[in-house]
Chemist: 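Submitted below is the structure of interest, expressed as structure tokens.
The basis for the numbers below is simple: all heavy atoms, side chains too, and nothing from hydrogens, waters or symmetry mates.
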Amino acid sequence: MTAADALRQLDALASPEIAEHSQRFFKTGPGEYAEGDRFLGIRVPRVRQLVKEARGMKLGEIQALLTSEWHEARLMAVLLMAEICKRAKTPPAERQAIADLYLDHTDYVNNWDLVDSSAHYVIGPHVDALADLSLLDELALSDSLWERRIAIISTFHFIRQNEFVPTLQIATTLLNDPHDLIHKAVGWTLREVGKREQEVEEGFLRQHHAQMPRTMLRYAIERFPEPLRQHYLTGTI
């Protein structure tokens, strides 16, 4: 399948009603975080089905989808990249090429669903292979909201291996981030750490809970027993 083939199929599935809802849901209005993003109006499961049909698409064609004006085409591109990186038999050189493509086009990975469906499959393993967290540090300090979200979501790759230092390091960098989407992402990853090793998460929270944005803290302690949640929320821990 070529990018042109995929775009024709996406266009055939388009729904103006779904597109209108998506543009509200993903905050595409003036001054909102995804201002100007355009949707064809296709449900995510249908896009995922099309991804299955497009397995084997060449990297140049994936790049053409990634740089599309249509959100669903970009979603298809990052899902294809994630799918390739998840395959155990994917050669290191191909993984490197995909990571390079992703990092060179982060301005097109420009909504939370695009980041959250791909960063921990594409960038997390790439950083792991480098054995160097400096790329995540660089992304976490970016002026780009989406690069900062890529930084923290990528650390879920390490969480799944019970390696928590990358998450705690990037969470510390992002503690004072101004954007709610970063607060949610940091809180979510800390919660995932706690699901595996609660004492590790609590060690971080005891040190930082007083300065954490409320949304970040609430996400991080969402699964705690209610008395413990209240201790953190009231600062009596």
Side-chain angles (χ1 to χ4, degrees), residues 1-14 18-19 22-23 25-28 32-87 90-127 129-130 135-136 138-140 142-154 156-157 181 185:
M1 185 184 293
T2 67
D5 294 333
L7 287 167
R8 279 193 292 271
Q9 292 196 45
L10 289 169
D11 188 61
L13 295 168
I18 295 174
S22 295
Q23 287 175 196
F25 182 75
F26 286 103
K27 308 298 184 185
T28 66
E32 294 182 311
Y33 59 71
E35 179 177 355
D37 200 356
R38 301 183 67 193
F39 286 78
L40 288 164
I42 307 168
R43 303 288 188 195
V44 172
R46 192 64 190 87
V47 177
R48 288 187 178 276
Q49 181 59 43
L50 195 55
V51 167
K52 292 180 182 179
E53 298 169 16
R55 285 175 177 168
M57 181 180 284
K58 297 187 180 301
L59 198 57
E61 301 296 326
I62 293 174
Q63 180 175 343
L65 288 178
L66 183 61
T67 55
S68 170
E69 64 179 313
W70 298 110
H71 185 99
E72 292 90 346
R74 300 197 304 280
L75 176 60
M76 188 174 174
V78 298
L79 289 173
L80 281 165
M81 287 191 278
E83 183 69 26
I84 295 168
C85 290
K86 283 189 283 185
R87 296 176 197 155
T90 299
E94 187 173 2
R95 295 177 186 276
Q96 178 72 52
I98 290 169
D100 289 343
L101 175 64
Y102 193 100
L103 292 167
D104 287 343
H105 294 83
T106 54
D107 50 337
Y108 291 96
V109 188
N110 58 352
N111 215 314
W112 58 264
D113 63 321
L114 305 181
V115 174
D116 294 5
S117 60
S118 61
H120 55 301
Y121 293 118
V122 177
I123 302 305
H126 173 66
V127 170
L130 294 173
L135 172 60
L136 295 185
E138 179 182 342
L139 291 169
S142 172
D143 290 336
S144 164
L145 165 63
W146 307 118
E147 289 190 350
R148 300 198 306 274
R149 186 152 175 133
I150 288 168
I152 189 63
I153 295 298
S154 294
F156 188 57
H157 165 78
L181 285 178

Chemist: Which value, rounded to the nearest 0.5 Å, describes the distance between Leu75 atom CG and Leu50 atom CG?
Modeler: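 Reported value, rounded in 0.5 Å steps: 10.5 Å.
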Chemist: Among Val109, Leu114, Leu181, whose side chain to side chain contact (heavy atoms under 4.5 Å, CB included) with Trp146 holds?
Modeler: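 Between Trp146 and the candidates, side chain to side chain contact (heavy atoms under 4.5 Å, CB included) is satisfied uniquely by Leu181.
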Chemist: Ala19 and Phe39: which non-hydrogen atoms are nearest, and at how many Å?
Modeler: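 Heavy atoms of Ala19 and Phe39 come nearest at CB-O, 3.4 Å.
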Chemist: May I ask you to check if Lys27 and Tyr33 form a cation-pi contact, with NZ or CZ under 6.0 angstrom from the six-membered ring centre and within 45° of the axis?
Modeler: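 Not flagged: Lys27 not positioned over aromatic ring of Tyr33.
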Chemist: When rounded to the nearest 0.5 angstrom, what distance separates CD in Glu61 from CG in Leu65?
Modeler: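 Glu61 atom CD to Leu65 atom CG measures 7.5 Å (nearest 0.5 Å).
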Chemist: Could you grab the distance from atom CD1 of Ile98 to atom CD1 of Ile84, nearest 0.5 Å is fine?
Modeler: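 Here the interatomic distance stands at 4.0 Å.
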Chemist: Is the number of heavy atoms from other residues, nucleotides or ligands under 6.0 Å of Arg48 CZ greater than 12?
Modeler: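 Counting neighbours around CZ of Arg48, 12 or fewer heavy atoms of other residues, nucleotides or ligands fall under 6.0 Å, so no.
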Chemist: Picking from Leu66, Ile62, Val122, what satisfies side chain to side chain contact (heavy atoms under 4.5 Å, CB included) with Tyr102?
Modeler: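 Single side chain to side chain contact (heavy atoms under 4.5 Å, CB included) partner of Tyr102 among Leu66, Ile62, Val122: Val122.
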Chemist: Kindly compute the distance separating CZ (Arg149) from CG (Asn111), expressed to the nearest 0.5 Å.
Modeler: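 With rounding to 0.5 Å, CZ (Arg149) is 9.0 Å from CG (Asn111).
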Chemist: Would Arg8 and Asp11 pass as an ion pair if we require N to O under 4.0 Å?
Modeler: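 Looking at Asp11 together with Arg8, the answer is no, because their closest N to O distance does not fall below 4.0 Å.
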Chemist: Rounded to the nearest 0.5 Å, what separates atom CD in Gln9 from atom CD in Gln49?
Modeler: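 Between atom CD of Gln9 and atom CD of Gln49 there are 10.5 Å.
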Chemist: Does the side chain of Asp100 come under 3.5 Å of the side chain of Gln96 through a donor N or O and an acceptor N or O?
Modeler: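 Side-chain D/A pair, Asp100 to Gln96: present.
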Chemist: How far apart are the closest heavy atoms of His120 and Asp116, and which atoms are they?
Modeler: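 Scanning both residues completely, I find the closest heavy atoms to be CE1-O, 3.0 Å.
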Chemist: Could you label the plane-to-plane angle of the Trp112 and Phe25 rings as parallel, tilted or perpendicular, counting under 30° as parallel and over 60° as perpendicular?
Modeler: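 Perpendicular: the ring planes of Trp112 and Phe25 meet at over 60°.
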Chemist: Is Lys86 atom NZ crowded by more than 12 heavy atoms from other residues, nucleotides or ligands, each under 6.0 Å away?
Modeler: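 Yes, enclosed.
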